[in-house]
Number of protein chains: 2
Amino acid sequence: MTSESTTESRRALTLRDVSEASGVSEMTVSRVLRNRGDVSDATREKVLKAAKALGYVPNKIAGALASQRVNLVAVIVPSLSNLVFPEVLGGISEELEDSGLQPVFGVTNYAPEREEAVLYEMLSWRPSGVIVAGLEHTPAARAMLENAGIPIVEIMDVDGNPVDSVVGISHRRAGIEIARAIVKAGYRKIGFLGTKMPDDHRARKRLEGFEAGLAEAGIELADREFYSGGSALLKGREMTETILKRSPDLDFLYYSNDMIGAGGLLYCLDNGIDVPGKLGLAGFNGVELLDGLPVRLATMDACRREIGRRAAEIIAGHSHSGMVGGERIELTPTLQLGDTIRRA
Amino acid sequence: MTSESTTESRRALTLRDVSEASGVSEMTVSRVLRNRGDVSDATREKVLKAAKALGYVPNKIAGALASQRVNLVAVIVPSLSNLVFPEVLGGISEELEDSGLQPVFGVTNYAPEREEAVLYEMLSWRPSGVIVAGLEHTPAARAMLENAGIPIVEIMDVDGNPVDSVVGISHRRAGIEIARAIVKAGYRKIGFLGTKMPDDHRARKRLEGFEAGLAEAGIELADREFYSGGSALLKGREMTETILKRSPDLDFLYYSNDMIGAGGLLYCLDNGIDVPGKLGLAGFNGVELLDGLPVRLATMDACRREIGRRAAEIIAGHSHSGMVGGERIELTPTLQLGDTIRRA
DNA sequence: ATGAAAGCGCTAACAA
DNA sequence: TTGTTAGCGCTTTCAT
């Protein structure tokens with residue numbers, strides 16, 4: 001070995017080191033490493049060889065400061081344990097893969113103040129764009145987004161007043177549509193089961209839409225049951241038992257997500273309840289999990305991956321050409337009746 | 001409104017703007033904003049008021065360059081769709097919350113070259129530490145990790161030769177232990193079902209350990225079945241049907257993860273197979289999902305959240321005091337027999 | 001308690 | 001095609 005093997009953290013290498021090792025000016029080394037401008041093949045080779053031999057890793061901090069360009073995209077989501085958001089992140093990663101942009105994730109745990117803090121932290125790195133879940137923010141967070149001077153894409157939801165661009169579905173409309181389908185299938189005594197999260201605005205909007213949809217047919221929610229925390233599948237099981245004990249005459253259960261819906265479905269199967277004859281069921285999200293169940297739960301696909309991709313596309317578009325922004329992309333979730341809603 | 005509402009991206013605010021607005025020198029403004037050094041309350045107040053009024057967001061790029069300090073921790077995981085990794089990330093986020101450090105995530109899709117690329121990208125931001133899943137890296141990636149001069153924590157797995165610190169479980173030992181438990185319960189014709197991922201080293205080590213454990217009792221794997229992609233729950237169902245058709249005399253199925261194990265379990269329940277009497281089942285991971293199933297699948301908890309927390313703790317420890325590094329933390333997964341392995 | 005000067009490592013703009 | 005000169009917006013250090 002040629003280099004000393006001190007575990008000591010020696011000073012990080014700089015362009016200058018590569019410059020000296022290769023006998024080429026710092027500026028030209030910089031050009032080679034960024035594939036910019038015209039550099040002769042001979043020089044290029046010399047530089048690359050030296051850089052590799054030394055194990056040089058460019059310092060993007062200095063580069064970003066000098067060029068006023070940062071290839072980072074801030075992505076802010078409420079949670080990672082929901083599986084919904086990892087999928088969105090997957091779509092974003094995928095789309096950004098070859099754009100030269102890098103996603104940086106932050107998690108808020110559904111707390112508006114955390115969102116504000118995370119946003120502040122991320123904006124201080126001067127990213128090329130921000131992708132943030134939801135349209136509801138603290139006034140300070142909204143002000144930061146408005147003044148950031150970079151493309152902002154709010155995702156998941158379109159029901160509200162976006163700061164800049166927005167990509168998502170209308171949860172209100174999703175609620176209305178499933179309500180209509182349920183009514184049309186002849187169900188009348190309908191219960192709702194969902195999370196007790198004051199800051200999950202999308203679940204709230206779905207419920208509002210759902211009630212509005214029922215109201216069109218003069219129907220009111222017959223009962224409702226809420227939970228928070230714990231294993232969703234288990235909670236779905238328990239809540240279903242609870243609500244059915246309390247209101248045995250219910251003929252339909254609408255769950256605010258597929259996990260608790262699947263739990264409810266398993267409960268019904270275990271207890272020999274006639275689904276969808278005596279009792280209909282529906283969830284929300286179209287999670288992959290459902291494919292493995294013995295009976296397909298009715299659900300609505302929330303277009304998660306697609307949302308991630310489109311949002312990333314908008315940010316990437318800005319950095320390539322000078323796009324204008326203010327796009328509004330409303331995706332249409334498809335209703336899958338599955339096996340848990342009676343067919344006409 | 002007092003400020004003009006041009007959508008125009010005006011130049012971002014600098015310390016100087018705050019300095020001028022408050023009539024305090026840039027240096028003192030900087031001190032106030034970082035809570036460093038002695039500043040009179042009067043001055044502090046003036047500065048904070050001005051900064052808030054302007055909506056100033058510090059430029060960490062410049063700050064990092066000047067101070068040679070970056071409060072970022074690079075976190076590199078193979079996948080987000082596995083639910084295992086989101087949980088680890090959750091543990092990391094939680095632990096880092098009040099340490100002043102910020103996690104930055106990168107995803108490799110189980111591809112060593114992607115890992116190398118992501119690592120290079122992240123190191124170029126000069127993070128305070130790196131947390132990376134697994135002990136297997138390309139030679140170039142390993143060299144980068146060794147020369148980064150910052151704390152490195154490899155997580156999930158301890159079977160191998162770490163670069164610096166390591167926090168995880170021994171997947172080999174996990175395989176051995178479950179094999180012993182299965183043999184002890186009297187099962188003899190044992191099948192394995194798992195992913196066909198050449199780069200999922202942990203699954204591979206579990207299988208190796210499993211076979212070693214069986215070998216202790218002079219038993220060989222009777223059959224095996226692999227899959228890739230698709231809904232794990234569904235795949236588990238399908239693979240179980242396939243392997244049982246092919247080898248009807250199997251009396252135990254060991255699944256490489258809980259999702260396919262749950263699929264297999266549902267298949268058995270549907271088809272009236274006597275579990276655990278005629279057929280025993282076990283998975284791996286201890287996913288929350290299992291709590292909701294009608295029968296508890298035998299599994300082993302992989303300590304995911306704990307791994308995240310401990311890894312983050314090591315990085316945070318380095319940045320506080322000057323810790324030495326090279327820690328090795330082996331956690332012990334607990335075997336939960338559940339309802340799918342015969343009791344003695 | 002506050003300010004002035006120098007420079008972190010790189011790149012834009014220009015010169016040769 | 002290559003090199004030189006000035007910063008980018010902060011923080012460090014040293015002076016006041």
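A, B, ... follow the sequence lines: proteins, then strands. Residue 1 opens every chain. What you see is a predicted model; the values in this text were computed from it and never measured.
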Note: Asn71(B) and Lys60(B) closest approach over all heavy atoms is ND2-NZ, 3.3 Å
Give a yes/no on whether any side-chain N or O of Thr43(B) is located under 4.0 angstrom from OP1 or OP2 of dT2(C). yes
Checking side-chain polar atoms at under 3.5 Å, does His137(A) have a donor or acceptor matched by the opposite partner on Glu115(A)? yes
Five-pair end axes of the helix from dA1(C)-dT16(D) to dA16(C)-dT1(D) and the angle they enclose, rounded to 10°: 30°
Heavy atoms under 4.0 Å, any strand shown: does Asn59(A) hit a base, just sugar-phosphate, or nothing? sugar-phosphate
Tell me the interatomic distance from Trp125(A), atom CH2, to dC10(D), atom P, rounded to whole angstroms. 13 Å
Which residues, if any, of residues 22-33 of chain B bring a heavy atom under 4.0 Å of DNA chain C? Val24(B), Ser25(B), Met27(B), Thr28(B), Arg31(B)
Rounded to whole Å, how long is the line connecting atom CZ of Arg36(A) with atom P of dC10(C)? 16 Å
Could you pull out all residues at least two apart from Arg114(A) that satisfy side chain to side chain donor-acceptor pair (under 3.5 Å)? none
Under 4.0 angstrom, heavy atoms only, what part of the nucleic acid is Arg69(A) near: base, sugar-phosphate, or nothing? sugar-phosphate
Could you tell me the separation between the CG atom of Leu13(A) and the P atom of dC8(C), rounded to a whole number of Å? 16 Å
Leu65(A) CG to dC8(D) P: how many Å, rounded? 9 Å
Between atom NZ in Lys60(B) and atom C1' in dT11(D), what is the gap in whole Å? 14 Å
Would you mind reading off the distance between Leu15(B) atom CG and dC8(D) atom P, rounded to a whole angstrom? 13 Å
Are side-chain N/O atoms of Arg44(B) and Ser40(B) paired as donor and acceptor at under 3.5 Å? no
Answer yes when Glu26(B) and Arg16(B) have at least one side-chain N-carboxylate O distance shorter than 4.0 Å, and no when they do not. yes
Mind running salt bridge (charged side-chain N to carboxylate O under 4.0 Å, His left out) on Arg310(B) and Glu306(B) for me, showing each step along the way? CA-CA 6 Å; Arg310(B) 301 295 288 271; Glu306(B) 173 82 1; 3.2 Å; yes
If I take atom CD in residue Gln68(B) and atom P in nucleotide dG7(C), what distance separates them, rounded to the nearest angstrom? 14 Å
Report the C-alpha separation of Asp17(B) and Arg11(B) in whole Å, then their side-chain angles, then the decisive distance to 0.1 Å, and conclude whether the salt bridge (charged side-chain N to carboxylate O under 4.0 Å, His left out) test is met. CA-CA 11 Å; Asp17(B) 296 305; Arg11(B) 179 182 68 56; 3.3 Å; yes
Any heavy-atom pair between the side chains of Val166(A) and Leu135(A) that's under 4.5 Å? yes
For Asn161(A) and Arg142(A), test the side chains for any donor-to-acceptor distance below 3.5 angstrom and give the result as yes or no. yes
Given DNA chain C, 5'-ward residue of the pair Arg34(A) and Arg44(B), judged by closest heavy atom: Arg44(B)
Taken to the nearest whole Å, CD1/Ile61(B) to C1'/dG7(D) is 16 Å
So, OP1 or OP2 of dC10(C): does either fall under 4.0 Å of a side-chain N or O from Tyr56(A)? yes
